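All chains are named by letter (A, B, ...) in the order of the sequence lines, taking the proteins before the strands, and each is independently numbered beginning at 1. Small disclaimer: the values here were computed from a predicted structure and weren't measured.
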2 protein chains.
Amino acid sequence: MSSDHSSSIGYQIPVVAADFKVACSSCNLRELCLPVTMSEPDVDRLDALVALRKNVKRGQALFRAGEPFMALYAVRTGFFKTRVAGSDGRDQVTGFQMAGELLGLDGISSDTHACDAVALEDSQVCVIPFDRMEEMAREFPGLQREFHKIMSREIVRENGVMLLLGGMRAEERLAAFLLNLTKRLHARGFSSSSFVLRMKREEIGSYLGLKLETVSRVFSRFQDEGLLEVQQREIKILDQDALQRLVNAAPC
Amino acid sequence: MSSDHSSSIGYQIPVVAADFKVACSSCNLRELCLPVTMSEPDVDRLDALVALRKNVKRGQALFRAGEPFMALYAVRTGFFKTRVAGSDGRDQVTGFQMAGELLGLDGISSDTHACDAVALEDSQVCVIPFDRMEEMAREFPGLQREFHKIMSREIVRENGVMLLLGGMRAEERLAAFLLNLTKRLHARGFSSSSFVLRMKREEIGSYLGLKLETVSRVFSRFQDEGLLEVQQREIKILDQDALQRLVNAAPC
DNA sequence: CGTTTGCTTGACAGCATTCAACGTTGGTGG
DNA sequence: CCACCAACGTTGAATGCTGTCAAGCAAACG
């Protein structure tokens, strides 16, 4: 949209014009992001790794399935969803990413992105050219190890989602989802009992293998039972233990 | 069992006694396994990476969730399933692995295995000490890149399973499962139209988020419709295109 | 202030699960 | 060799959870 406009006034504003030169060494997300285990002097060297930052407006795609894979992206601010498209138009939300989390790992396997990454609110990411990442991983064992851990963590996370999708009932799925959110928000210094959902019911439902009406109904049921308060996207967790018990509970 | 016996006759046969010293350079799975993209001389160096082979009898676990993570395992012969355990005893099969595929990637994230790997038939794996793998990956960009692709491929595979578990109906799930099997068997030089399932109905069901009765029913329905012949675990695909159409078909 | 988008709630239908019985296979021992 | 048992697979009938369809409401946006 903005590029349409710029071309109409006679010259093209390069994409990077809206982006920023930055440094890991001075980033407040260091403890959550790639450099988490790296020593001080090594992190300085990382500054050569993250070339620039990139803004993504709410609703825009950071990348789309089929596009060539060049870089990983670390979420700096904002919130993303990733989704894969089924052959018939169905799509499945495969994850939600917040500050400090990495996007684009799916692209490595075939040098082509396998999913879409869409910003759910105005966001900013650090662009990590993958070739350079691998070069530096060869030089810094700490970076190499951390990167492998991040990929493995993603595999383990998806294992957990498979468990959820494979056998849990609607209430258990939503409880697990909310507990996962609270945990990640807490790790980032936000309140884990009171927060605003960045995604709509339909996106939650897609992620959890439910229809949006079911998500809405379960929210209402949780509220009736006093487990939480819900008003549109505003959530207040009232009984975290009860949610935890739901996740642990046997199916029948 | 054999170690019980050996201790009863007065001395302990070390675990590695049943294992074998081996070389990637002379392995017939080179085109399917880790060294797939590596040049001839580099593969020779890989021989230092794969220390030994290990036999796993049908029903035995190669590793279990909670055990310390030390090595990756490349399936040489046989067939495995991986499963995660839900907190209440439910478990979810997260994958089936055949020759050339890697086991243990889940363990990297926390230095602890996150799932069980169980042999579905007498099997043999190559043991790849992970520390050494990382060392060599720093030395050989080709190995590094291939390893990253393998991890990414696992993430993409799980994305696909999420799509399947999240929105597909029983018939579509089983069709997708069978097509995936035929593809992998074909890549290994086996018939893709006639094969024997290595897993039971319950394990297929767990992987697909279905009960074993449903799996059985859908097999029967496919047979009635002339898509395949099924007799216990023996499968003969009669109409692969129809199965493909099922997977592509819209839900309604 | 009206329109659009997202959320909630109700009634009904459908697909998969549950429960149960029966059939088949393979191994063991009489 | 056959009987028996245990494990696995098949099939039927009934229940139930979630999906579907539809209407109404609330919030966001221009």
In whole angstrom, what separates A:R198's CZ from D:dA28's C1'?
16 Å

Is B:S220 close enough to D:dT10 that one of its side-chain N or O atoms is under 4.0 Å from OP1 or OP2 there?
no

May I have the distance from A:E234 (atom CD) to D:dA26 (atom P), rounded to whole angstrom?
16 Å

So what does A:G205 touch, heavy atoms closer than 4.0 Å: a base, only the sugar-phosphate, or nothing?
nothing

Among the nucleotides C:dT18, D:dA22, C:dA16, which one has an atom lying closest to any side-chain atom of A:E213?
D:dA22

Just to be sure I understand the rule, does A:L212 reach a base, reach only the sugar-phosphate, or reach nothing, if contact means heavy atoms closer than 4.0 Å?
base

Nearest-Å distance, CG (A:L197) to C1' (D:dA27)?
15 Å

Can you identify which nucleotide, out of D:dG19, C:dC15, C:dG6, has its nearest atom closest to the A:K200 side chain?
C:dG6

Nearest-angstrom distance from the residue atom CZ of A:R201 to C1' of D:dA27:
13 Å

Looking at the side chain of A:R217, which of D:dT18, D:dT20, C:dT17 is the nearest nucleotide?
D:dT20

Would you mind reading off the distance between A:R169 atom CZ and D:dG19 atom C1', rounded to a whole angstrom?
16 Å

Ring geometry between B:H113 and B:F63 (parallel below 30°, tilted from 30 to 60°, perpendicular above 60°):
parallel

Given atom CG of A:L208 and atom C1' of D:dG19, what is their separation to the nearest angstrom?
15 Å

Between B:F190 and B:F195, does the ring centroid distance fall short of 6.0 Å?
no

Distance below 4.0 Å between B:R233 side-chain N/O and D:dC8 OP1 or OP2
no

B:R173 atom CZ is separated from C:dA16 atom C1', nearest whole Å, by 9 Å

Of A:A170 and A:Q231, the one whose closest DNA chain D nucleotide lies more 5':
A:A170

Taking the side chain of B:T214 as heavy atoms from C-beta outward, which of C:dT17, C:dC7, D:dT10 is closest to it?
C:dT17

Mind running salt bridge (Lys or Arg N to Asp or Glu O under 4.0 Å) on A:R157 and A:E101 for me, showing each step along the way?
CA-CA 13 Å; A:R157 181 189 72 83; A:E101 298 178 330; over 6 Å; no

Polar contact flag, side-chain donor to acceptor under 3.5 angstrom, B:Q240-B:S193
no

Which part of the nucleic acid, if any, lies within contact of B:S216, taking any heavy atom under 4.0 Å across all strands shown: a base, the sugar-phosphate backbone alone, or nothing?
base

Nearest whole angstrom, please: distance from the P of C:dA16 to the NZ of B:K211.
14 Å

Would you sort out whether A:E203 and A:R198 count as a salt bridge (Lys or Arg N to Asp or Glu O under 4.0 Å), showing the intermediate values?
CA-CA 10 Å; A:E203 291 163 331; A:R198 297 289 135 100; over 6 Å; no

